[in-house]
Asks: 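Okay, here's the structure, questions in a sec.
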Amino acid sequence: MFKQNSIFFLVVILLCSLCISCVSNKNTTDAILSYNVHVTKKAYFTLMPPEYIAESIPDMVIMNAAFQSQNVSLPVCVNADKTALYFTFLNEFGLSLAELLYTGIAIEFDSKMQALMGMIPPEYIIADFQYCYYDISSIASQLARQKIKVTVERKDNGMSEIRRFYNGMHKNAPCIIEITKTVDAVSHKRTVCFINKVFQYTYTLEEVL
């Protein structure tokens with residue numbers, strides 16, 4: 001009986017995984033998948049290959065996220081280089097809750113990932129990290145084709161950087177995404193504050209030293 005229930009449970013997980021894969025916005029060219037995420041209702045961003053990473057990402061961060069009335073806070077272990085982007089979401093005891101891997105060719109995640117993040121597709125999590133840490137000129141070049149303007153403001157001798165995304169190329173275009181990255185002058189701890197005004201969610205990433 002236990003074996004039959006286990007088999008049934010595995011079949012359910014596989015079917016759910018297939019359904020989620022069908023809903024994801026993916027294009028296939030020469031057997032290589034490209035993942036598109038909406039920046040606005042009309043404009044989209046295609047996930048970039050890992051080699052476009054511009055700076056190292058802290059190995060461990062505390063993520064505090066807020067969406068409407070929902071709030072979540074949890075540690076995230078990040079392993080990112082020019083070959084892959086790998087996340088392990090942890091609980092307060094340091095045990096793995098879910099894992100997410102992006103190789104530039106495909107996204108892989110376990111069944112617990114969907115339960116943890118709800119209806120947020122994994123490619124949107126990856127896109128947000130790319131907006132923060134990937135080469136900004138390459139991001140701006142891609143989004144310009146979607147009529148999304150990207151600007152960068154650096155202050156405090158490079159200790160603070162603000163990346164802003166605008167819905168339109170004109171001077172008075174509204175800001176739709178604002179990313180503020182700071183480095184503490186004393187502890188050198190890095191913090192990222194991310195605000196998405198279109199889909200109305202925010203989060204902070206605070207480095208754990």
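These figures come from a predicted structure and were not determined experimentally.
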Asks: Taking atom types as modelled, find out whether Asn196 and Tyr131 have a side-chain donor-acceptor pair closer than 3.5 angstrom.
Replies: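 No donor-acceptor contact under 3.5 Å links the two side chains.
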Asks: Output the distance between atom CD1 (Ile105) and atom OH (Tyr35), rounded to the nearest 0.5 Å.
Replies: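 Between atom CD1 of Ile105 and atom OH of Tyr35 there are 10.0 Å.
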Asks: Between Tyr133 and Leu85, does the side-chain contact (heavy atoms from CB on, under 4.5 Å) criterion hold? Intermediate values first, please.
Replies: CA-CA 11 Å; Tyr133 295 105; Leu85 184 57; over 6 Å; no
Asks: For Glu207 and Lys189, what are the C-alpha separation, side-chain angles and deciding distance, and is it a salt bridge (charged side-chain N to carboxylate O under 4.0 Å, His left out)?
Replies: CA-CA 6 Å; Glu207 182 178 11; Lys189 180 182 292 186; over 6 Å; no
Asks: Going by heavy atoms in the side chains, are Val208 and Ile62 under 4.5 Å from each other?
Replies: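 Side-chain contact under 4.5 Å: yes.
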Asks: Checking Thr83 now: which residues fulfil side-chain contact (heavy atoms from CB on, under 4.5 Å) with it, not counting sequence neighbours?
Replies: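 So Thr83 forms a side-chain contact (heavy atoms from CB on, under 4.5 Å) with Asp81.
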Asks: Between Phe199 and Tyr124, how do the two ring planes meet: parallel, tilted or perpendicular, split at 30° and 60°?
Replies: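 Taking Tyr124 first and then Phe199, their aromatic rings stand perpendicular (interplane angle over 60°).
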Asks: To the nearest 0.5 Å, how far apart are NZ in Lys42 and CD1 in Ile148?
Replies: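 Between atom NZ of Lys42 and atom CD1 of Ile148 there are 11.5 Å.
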Asks: Quick one: CD1 on Ile162 to NZ on Lys181, what's the gap to the nearest 0.5 Å?
Replies: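 One gets 11.5 Å once the value is rounded to the nearest 0.5 Å.
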Asks: For Asp156, which residues count as a side-chain contact (heavy atoms from CB on, under 4.5 Å) partner, sequence neighbours excluded?
Replies: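 For Asp156 the side-chain contact (heavy atoms from CB on, under 4.5 Å) partners, ignoring immediate neighbours, are Met159, Ser160.
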Asks: side-chain contact (heavy atoms from CB on, under 4.5 Å) for Tyr201 and Phe194? Distances and angles first, verdict last.
Replies: CA-CA 8 Å; Tyr201 67 88; Phe194 187 105; 3.9 Å; yes
Asks: Test ring pair (Phe, Tyr, Trp, His ring centres under 6.0 Å) on Tyr102 and Phe129 and set out the steps.
Replies: CA-CA 11 Å; Tyr102 173 64; Phe129 270 79; over 10 Å; no
Asks: So for atom NZ, which belongs to Lys149, do other residues, nucleotides or ligands contribute more than 12 heavy atoms lying within a distance under 6.0 Å?
Replies: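 Count over threshold, so yes.
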Asks: Counting neighbours of CD on Glu92 that are heavy atoms of other residues, nucleotides or ligands and sit closer than 6.0 Å, is the number greater than 12?
Replies: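 Yes, the 6.0 Å shell around CD holds more than 12 heavy atoms from other groups.
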Asks: Testing the basics here: between Leu101 and Ala84, what is the closest heavy-atom pair and its distance to 0.1 Å?
Replies: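 Between these two residues, the closest heavy atoms are CD1-CB, 4.1 Å.
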Asks: Are there more than 12 heavy atoms of other residues, nucleotides or ligands under 6.0 Å from atom CG of Asn157?
Replies: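 No.
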Asks: Looking at CD of Glu153 and OG1 of Thr180, how far apart are the two atoms once the value is rounded to the nearest 0.5 Å?
Replies: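 That separation rounds to 9.0 Å.
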Asks: Could you tell me if the side chain of Met60 sits less than 4.5 Å from the side chain of Cys77, heavy atoms only?
Replies: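 When only atoms from C-beta onward are counted, Met60 and Cys77 do touch, with a gap below 4.5 Å.
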Asks: I'd like to check the side-chain contact (heavy atoms from CB on, under 4.5 Å) partners of Asn79; sequence neighbours left out, ordered by chain and number.
Replies: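 Asn79 satisfies side-chain contact (heavy atoms from CB on, under 4.5 Å) with Tyr86 only.
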